[in-house]
> 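Dropping a structure here in structure tokens format, bear with me for questions.
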Amino acid sequence: MKRHPQIAAEFIRDEQRTDWHNKAVYNFRLKRDAMVKTKPEWEELRQLASDIKDNVLANLDTYLEQFEAAAIANGVKVHWAEDALEHNNMVHQILQQHNIKLVVKSKSMLTEECALNEYLEEKGIEIIDTDLGERIIQMRQEPPSHIVAPAIHIKREEVGDLFREKLNTETDNNDPTYLTRAARKHLREKFLNAQAGITGVNFAVAENGGIVIVTNEGNADMGVNIPPLQIHCMGIEKIIPRWKDLSIFTRLLAPSASGQPISIYTSHYFKPKPGGEMHIVLVDNGRSAHLGRADYRSSLKCIRCSACFNTCPVYRRSGGYSYHTSIAGPIGSILMPNRSLSENADLPFASSLCGSCSDVCPVKINIHEQLYKWRQEIHEKGFTPGFKKRILKSAGKVLADPKKLNRMGKWAGKAIKVLPRFLLYNSLNAWGKNRELPIPPKQTFSEWYQQNRKHE
Amino acid sequence: MSKQNILTSIKSAKPSTSAQLPNIPPFNPLKGDLIEIFINQISANAATVILLNQEQSLLDLITQKFPTTKTILSFIPEIASTFQLSEIDHPKQLNNLDLAILPGEVAVADNGAIWVSGNAFMPRVTPYITQQLVIIINRKNIVSHMDQAYEQINLTGLGFGVFISGPSKTADIEQALVIGAQGPLGLTVIIK
């Protein structure tokens, strides 16, 4: 399996595209900053959101039962799934009971995590992603590369080519408005003929059993409100206690995600539509185990805004696919090792530990500290790649011994000056692959110190 | 069975700290004219805003603004629909609906969002499937922040409700903003 460094190396081979991707993603960060600066209560909102989520994690079982009871009283059917397979199976059973052949789905990272589309397709059910970006990547048979902007890595010319092939759009017309209208027409037809709508869930309110879904396109609501059957799939950590808590989270989510004050549609569903059926599937899939790991627990507070992606110098320049998981970026790099450490031990190293992710997180997750924590655990458990292990071991010996450190410092300074390039820049020097080694100072600090002390 | 397993697993995993649920303080109201701030916010989302003056009737305004509109589904008493809901037997038949007119319950100046209660209209797909959407909001019901809005929303018997802050939009192709994604192509807000 290819790891982050290898996939990232392939990504940055196209320098122009890397720059383009970096700028496109950073644009979200700039918009976020501009919006946040207009909100004097921003830090207060972050603290409140963080405190509410801490309370949720400490009482998750109680809130889930409260939510279930309220939802059932509203006429909703509630299901519990321990893992991805049980979730997929449940959704399939509901669809099968209604003899459903065509389903429309709006963006949901949970169903991505569970690979629901693939599961249903194998069972002969057609499932259409209806968010424009998601439809684009579904047509390209690719996973999302970003949790909010799934097609951020694709250029308009590529969308144009794709739509010419799939939707018969005009030759050479790559205008985003024209292409969006073509998709609108195509998706309308799917909405009108779908027999069920599936969505993810942004927030679920324990005290009244309501769920909240946020979109700009209106696709989730088109999908849910035309056919009689609606199914909402959510991770168990999406619960918030009170109705009024929504007033905090709805003020944080869109500004953090895209710099909008709020998304176009913040839809609240409590009861099935008249004559319809509404199902909610509560999914654990490793979350309760994750809750038990104190060092990483708080990453379950994540509201999937992607602010940490957009600010991350590594994500911006390596692309979402380099993380080889359903959730990329800094938050994915601490969530995914909780699922499987052996498969994702490379991810906590895909960071400069600059801490910008923690600064922008609307629920104040200490992302970079958890990345650092993971690195230590990965090393202790023996998952560090062999090369890195050897370097760290010798570095550890040198750094622990002042005499050795002094000798090495002097030696390295001289070596950089006198050795030919081919000896300095070779496969052993991973740091120097794309960087020049620093120009060594005339003397080391201890040499300088001793010299100047003598004169006193 | 799965429910019990999940709950048992959470009980043994959750932190022992109590982590108090914080009180949400009332936020300072926005400085300045709430109507003006609201108009600025929702206009930034490409909505058209009209302040209704006292001499003008809603009917005149709508006729003037949408002169060629054929099908109208209205849920405000001043304006009649062009057809009866009993004439359709499936929500998808609203696909060619030109204009839906809905009452807004409360609007938020801080972000331009308007709460539309699901108790005020049916079917639920109306505000999404229509080509053009008009929301009427009373100037008295414009508040500063979301906390006031959530407090004001009437939850009695509510099955569904939505905050709407503009016409549907997307920026999924190279972040180029396109107004009119899967929902309405335009939103007009009338403040009376």
Side-chain angles (χ1 to χ4, degrees), chain A residues 24 27 41 48 51-52 54-55 57-58 60-61 64 80-82 86 130 132-133 136 149 151 155-156 159 176-177 179-180 184 187-188 192 208 216-219 221-222 225-226 236 241 243-244 246-248 250-251 261-262 264-271 273 284 288-289 291-292 294 297, chain B residues 2-3 5-7 9-15 17-22 24 27-28 41 45 91-92 95 108 110-113 122-125 127-129 145-147 149-151 155 158-176 178 180-184:
Chain A
N27 195 29
E41 316 90 341
L48 283 165
D51 291 347
I52 294 167
D54 278 334
N55 174 268
L57 296 184
L60 188 56
D61 50 337
L64 281 167
W80 302 68
E82 279 182 77
E86 194 178 6
T130 56
L132 175 59
I136 291 169
K155 296 194 173 190
R156 67 180 70 186
V159 179
T177 303
L179 295 173
T180 300
R184 175 186 170 94
L187 286 168
R188 279 254 161 173
L192 299 181
N208 63 21
N216 278 324
E217 296 182 10
N219 59 310
D221 306 288
M222 283 291 281
N225 292 319
I226 296 176
I236 51 176
W243 173 245
K244 63 180 169 192
L246 284 171
S247 72
I248 304 299
T250 51
R251 289 183 70 187
I262 190 168
I264 297 298
Y265 301 106
T266 307
S267 297
H268 304 57
Y269 292 92
F270 304 92
K271 298 176 181 174
K273 61 185 85 63
D284 183 339
S288 59
L291 185 66
R297 176 179 291 143
Chain B
S2 292
K3 174 183 168 183
N5 290 345
I6 293 170
L7 290 175
S9 174
I10 293 171
K11 278 190 183 88
S12 65
K14 69 179 184 179
T17 54
S18 62
Q20 286 294 311
L21 190 56
I24 295 174
F27 290 96
N28 289 333
Q41 285 293 351
N45 282 342
K92 70 178 176 187
N95 189 38
V108 183
D110 182 48
N111 57 20
M122 64 177 293
R124 286 184 185 180
V125 81
Y128 309 101
I129 201 169
H145 291 299
M146 288 301 273
D147 53 318
Y150 274 110
E151 208 173 278
L155 285 169
L158 195 65
F160 158 74
V162 55
F163 278 108
I164 298 177
S165 67
S168 75
K169 69 173 184 183
T170 184
D172 274 350
I173 301 174
E174 270 193 27
Q175 290 187 54
V178 179
Q182 322 313 338

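Worth saying up front: this structure is predicted, and the values here are computed from it rather than measured. Order of the sequence lines sets the chain letters (A, B, ...), proteins ahead of strands, with each chain counted from 1.
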> Closest approach of B:Phe160 and A:Ser267, non-hydrogen atoms and distance?
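Shortest heavy-atom contact: CE1-CB, 4.4 Å.
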> Of all the heavy-atom pairs spanning A:Arg184 and B:Gly180, show the shortest one and how long it is.
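Closest approach of A:Arg184 to B:Gly180: NH1-C, 4.1 Å.
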> In terms of heavy-atom proximity below 4.5 Å to chain B, should A:Arg297 be classed as side chain, backbone, both, or neither?
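Contact with chain B involves the side chain of A:Arg297 alone.
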> Using heavy-atom distances under 4.5 Å, tell me whether A:Leu187 contacts chain B through its side chain, its backbone, both, or neither.
side chain
> Is it the backbone or the side chain of A:Leu48 that comes under 4.5 Å from a heavy atom of chain B, or both, or neither?
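Both backbone and side chain.
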> Tell me, out of B:Glu174, B:Lys92, B:Gln41, B:Lys11, who's got the most heavy-atom pairs with chain A below 4.5 Å.
B:Glu174
> Using a cut-off of under 4.5 Å on heavy-atom pairs, state which of A:Ile264, A:Leu291, A:Asp54 scores highest against chain B.
A:Ile264
> Looking at every non-hydrogen atom in both residues, tell me the closest pair between A:Ala81 and B:Ile6 and how far apart they are.
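Nearest pair, atom of A:Ala81 first, then B:Ile6: O-CD1, 3.5 Å.
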> With respect to chain A, which residue among B:Ala149, B:Ala171, B:Gly161 yields the maximal number of heavy-atom pairs within a distance under 4.5 Å?
B:Gly161
> To the closest 0.5 Å, what do you measure between NZ (A:Lys244) and CD1 (B:Ile24)?
6.0 Å
> Anything under 30° is parallel, anything over 60° is perpendicular, the rest tilted; go ahead and classify A:His268 against B:Tyr150.
tilted
> I need the B:Arg124 CZ to A:Ile226 CD1 distance, nearest 0.5 Å.
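Answer for the CZ-CD1 pair, B:Arg124 versus A:Ile226, is 13.5 Å.
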> Relative to chain B, which segment of A:Pro176 carries a heavy atom at a distance below 4.5 Å: side chain, backbone, both, or neither?
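The answer is both parts of A:Pro176.
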> Rounded to the nearest 0.5 Å, what's the gap from OG on B:Ser168 to CG on A:Asp221? Could you check?
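Going from the OG atom of B:Ser168 to the CG atom of A:Asp221 covers 10.5 Å.
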> Are A:Arg251 and B:Phe27 in a cation-pi contact, defined as NZ or CZ under 6.0 Å from the six-membered ring centre and within 45° of the axis?
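A:Arg251 over B:Phe27 ring: yes.
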> Please identify, among B:Gly183, B:Gly159, B:Pro91, the residue contributing the most non-hydrogen atom pairs under 4.5 Å to chain A.
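Option with the top pair count is B:Gly159.
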> Taking every non-hydrogen pair under 4.5 Å, which of B:Asn95, B:Ile164, B:Asn45, B:Asp147 racks up the most with chain A?
B:Asn95
> How far does NZ of B:Lys14 sit from CG of A:Leu57, to the nearest 0.5 angstrom?
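CG of A:Leu57 is found 11.0 Å from NZ of B:Lys14.
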> Measure the CE-OG1 distance between B:Met146 and A:Thr266 for me, rounded to the nearest 0.5 Å.
6.0 Å
> Take A:Ile52 and B:Leu21 through the side chain to side chain contact (heavy atoms under 4.5 Å, CB included) test and state the conclusion after the steps.
CA-CA 6 Å; A:Ile52 294 167; B:Leu21 190 56; 4.2 Å; yes
> So which part of A:Thr250 gets closer than 4.5 Å to some heavy atom of chain B, the side chain, the backbone, both or neither?
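The side chain, not the backbone.
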> Given heavy-atom pairs under 4.5 angstrom as the criterion, report whether the side chain, backbone, both or neither of A:Glu217 touches chain B.
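Backbone plus side chain of A:Glu217, per the 4.5 Å heavy-atom cut-off to chain B.
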> Keeping the roles fixed (side chain from A:Asn216, backbone from B:Thr170), state whether a donor-acceptor pair exists under 3.5 Å.
no
> Non-hydrogen atoms of chain A under 4.5 Å away: do they reach the side chain of B:Pro123, the backbone, both or neither?
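Contact with chain A is absent: no heavy atom of B:Pro123 under 4.5 Å.
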> Is chain A contacted by the side chain of B:Gln175, its backbone, both, or neither, given a heavy-atom distance below 4.5 Å?
side chain
> Checking A:Ala294 against chain B: side chain, backbone, both or neither under 4.5 Å from a heavy atom?
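Contact with chain B is absent: no heavy atom of A:Ala294 under 4.5 Å.
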> Heavy-atom distance under 4.5 Å to chain A: side chain of B:Pro184, backbone, both or neither?
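For B:Pro184, the contact with chain A is made by backbone and side chain together.
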> Between B:Pro15, B:Ser12, B:Gly112, which shows the greatest number of heavy-atom pairs under 4.5 Å with chain A?
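Looking at each option in turn, the highest pair count goes to B:Pro15.
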> So how far is it from A:Leu64 CG to B:Ile10 CD1, rounded to the nearest 0.5 Å?
5.0 Å
> Heavy-atom pairs under 4.5 Å with chain A: which of B:Met122, B:Gln20, B:His145 has the most?
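Top count of heavy-atom pairs under 4.5 Å with chain A: B:His145.
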> On a heavy-atom basis, which atom in A:Phe270 and which in B:Leu158 lie closest, and how many Å separate them?
CB-O, 3.5 Å
> Go through A:Leu132 and B:Gln182 one step at a time and tell me if the side chain to side chain contact (heavy atoms under 4.5 Å, CB included) criterion holds.
CA-CA 9 Å; A:Leu132 175 59; B:Gln182 322 313 338; 4.3 Å; yes
